Visitor: 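Just passing along the structure, written as structure tokens.
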Amino acid sequence: MTAAMERIVYLDNNATTMVAPEVLDAMMPFLTDRYGNPSSIHSFGGNVGKHLDRAREQVAAFLGADQDYEIVFTGTGTESDNTAILGTISYYRDRKHIVTSRVEHPAVLSLCKKLERDGYTVTYVPVDSEGNLDMTALRESVTDDTAIVSIMYANNETGVIFPVQEIGALCRERGIPFHVDAVQAAGKIPIRVNDIGCDLLTISGHKFHAPKGIGVLYVRRGTRIRPVLYGGHQEKGRRPGTENTPGIIAIGRASQLASEHLSEYHGRVRALRDKLERDILKRFPNSHLNGNRDNRVPNTTNIGFDYIEGEAILLYLDRHGIAASSGSACSSGSLEPSHVLRAMGVPFTSAHGSIRFSLSRFVTEDDIGYVLSVLPEVVGRLLEISPFWDKEKRQGKPMPL
Amino acid sequence: MWNYTDKVKELYTNPRNVGAIDNADVVAEVGSIVCGDALKLYLKIDDKGIITDAKFETFGCGSAIASSSALTEMVKGKTIEEASKITNQDIVAFLGGLPEEKMHCSVMGHEALTLAVAKWKGESIPDELDTEGEIICRCFGVTDALIRKVIRENHLKTVEEVTNYTKAGGACGSCIPRIEDIIEEELKVAPAGESEKEKRPLTNIRRMQLVEETINNVIRPELQKDGGNIELVDIDGSVVYVALRGSCANCVASNVTLKNLVETKLREFVEEGIEVVEAK
């Protein structure tokens, strides 16, 4: 085990990712020598502004935006999500209804809960057992009182992709602002804001190999939105505060790299994910897939293990240097399993034992082989401890190794 | 990531006493797979009432596995009478502490033990485990009696604490007003400032055991991280005499260590009135 400890296999890329070496190289000068404030008149600061312009163009190209000024840099994905919703409803003050889904990220859900307390009505559109959005329910929920529709592009836990293009068309037709939380889509599947037809779209740098602390809110030209923060002129007043220049340079470079590597996600990364998933489902009779197999981002798999608990699985995997995450209640500190799995109607018995593996282009075939070699011991040991595996144990059906 | 103690990590990595005892004299099962944790405790008891073997099976997280390991280690060799005096706090002390949100794991261990003792004695199921009784939290099946017992034994004062210790109120939250009422009622029964610990002073033997356990499992591991060590020299009433060893012996901050670590931890896990004196 000591030897194994030295090896790290990082399969938690939906939580955060490694900063790509090229990204670090690009941002480093702005952490050291080129620390000037882009708003300054002197060229030491002013020249930095030219690099920000370039980064803005890179992000605009990544999202397929028409104009680079449609890109607003923020601090985090959460800030972008909050700004999109709060900024829109503070413009359309007479509309008191919001449409979102039951499986959104807390950055949207917690805000909606707060807005309900402030007098807003929120429709939480359900999903089916495979995690697909109930489009009929969504269509029926939209009214003339709806201020904004906010739906994620891909779910962080299951990877399931939502039909944002269809929702975009519906919102256009009804004249309702549409925000897409694309944090989990960025770098994994193409994002084209004009195909989606959204007014607002959120991405976060650290999910696609830029560092933490940089987010983007795409704001389509002409979209009515009021700022949430007030201060200087930065980001045309839409998000004041001195620019995070190293972060902005980084997300620009990361956007460029992400476009270049999209086909690798579609090909090699998907193949590795599928191998991991197929082998697990084949080897462990107590395992099953959570989420729609065919309509997912290519890096994510969410597997439920019956009879054993997710946090214990993670702690045991951790001993082998394997990083993953779980929808188990225990691992989050809340007492209920993940809201996403509950919305899908996954039985509590297996929701408590769900594990999410999320890959990146830095994962190798050897890494996946290593995980598959370690899992039987981890799962077998926990089944041995579990009181619910009795019947099978007594029948002398040991875990296949 | 949870801040688990080394003892907890050791016990979930290498759990003790895992499995079933086929001809167990008593088997107690608490929790359920739906709630997210469950524990099945097996005891082998000889004709003198001594627990000769204890094993467990659990569905639960790292701290549930560690708490179950601790419980089985603690009861082995004890009489049923002695074992029945073990509280969830003793399990926590054995583990060197648990994160607040994981306290319910120690309570689950204690519940299983209480149920096992009652079954062995042929007594009726204790009120707090009787799911036929009044249930406050429907999501996790937590009874009124269990909530009251845990409030009293752990001196809980807020709904959040009750949730950490019993899970009650942690899901839909609809029982929170009732939990608030129970806390209020219990606080009236035990007026502020008069804790149960003060009402029922520890026996000398119990105090010695707890002091030793806390030094071995909580304090020594902390000191060893910095190359130090500690020796228990004597216990006289509530005065504990210790000697600091290793790098602590010559450390200029040893007096700080004595007060801030040794005394604080002993007061937390053993008794409020404990005073620590360095034996020269």
Side-chain angles (χ1 to χ4, degrees), chain A residues 1-2 4-5 12 15 113 286 304-320 323-339 341-342 346-354 377-378 380-394, chain B residues 1-4 8-20 22 27-42 55-66 68-69 99-102 104-105 112 137 139-140 142 163-173:
Chain A
M1 187 166 277
T2 341
M5 279 300 288
D12 201 10
K113 294 283 176 211
N286 63 321
F305 290 90
D306 286 334
Y307 316 117
I308 57 179
E309 199 278 329
E311 184 199 302
I313 302 175
L314 293 186
L315 292 172
Y316 276 39
L317 286 175
D318 187 54
R319 305 289 297 184
H320 293 276
S325 73
S326 168
S328 129
C330 287
S331 60
S332 63
S334 81
L335 292 167
E336 287 198 305
S338 117
H339 69 285
L341 299 181
R342 275 185 292 137
V346 173
F348 272 34
T349 49
S350 71
H352 285 297
S354 71
E377 185 195 322
V378 168
R381 183 80 179 115
L382 288 169
L383 280 174
E384 208 181 290
I385 299 178
S386 170
F388 302 111
W389 190 237
D390 275 13
K391 220 184 299 161
E392 283 79 357
K393 262 196 290 195
R394 299 274 143 82
Chain B
M1 193 74 195
W2 297 109
N3 198 3
Y4 284 137
V8 173
K9 286 183 194 160
E10 186 207 322
L11 287 180
Y12 71 64
T13 310
N14 299 303
R16 313 283 197 273
N17 315 312
V18 170
D22 282 336
V27 179
E29 206 171 351
V30 292
S32 86
I33 199 167
V34 177
C35 298
D37 46 19
L39 170 61
K40 204 167 177 180
L41 177 67
Y42 300 81
K55 286 194 170 189
F56 76 92
E57 292 172 315
T58 186
F59 171 85
C61 55
S63 53
I65 297 173
S68 310
S69 289
E100 271 299 302
E101 296 87 342
K102 296 285 189 177
H104 60 87
C105 294
C137 171
C139 299
F140 293 115
V142 186
T163 305
N164 286 338
Y165 278 71
T166 65
K167 299 171 81 170
C172 73

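Keep in mind that what you see is a predicted model, and the values were worked out from it rather than measured.
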Visitor: Of all heavy-atom pairs between B/G60 and A/A312, which one has the smallest distance, and what is that distance?
Guide: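 Smallest heavy-atom distance, with atoms named: O-CB, 3.5 Å.
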Visitor: Working to the nearest 0.5 Å, report the span between CZ of A/R381 and CG of B/N14.
Guide: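 Here the interatomic distance stands at 7.5 Å.
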Visitor: For B/G62 and A/L315, which heavy atoms make the closest approach, and how far apart are they?
Guide: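 Here B/G62 and A/L315 meet closest at CA-CD1, 3.5 Å.
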Visitor: Tell me the closest heavy-atom pair linking B/C61 and A/E309, and the distance in Å.
Guide: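 Smallest interatomic distance, heavy atoms only, reads CA-OE1, 3.0 Å.
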Visitor: Looking only at heavy atoms, which two atoms of B/E57 and A/E384 are closest? And how far apart?
Guide: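 Heavy-atom minimum between the residues: OE2-O, 4.4 Å.
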Visitor: What pair of heavy atoms forms the shortest contact from B/F59 to A/P387, and how long is it?
Guide: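 Minimum heavy-atom separation between B/F59 and A/P387: N-CD, 3.4 Å.
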Visitor: Let me see the working for B/F56 and A/I385 under side chain to side chain contact (heavy atoms under 4.5 Å, CB included), right down to the final yes or no.
Guide: CA-CA 8 Å; B/F56 76 92; A/I385 299 178; 3.9 Å; yes
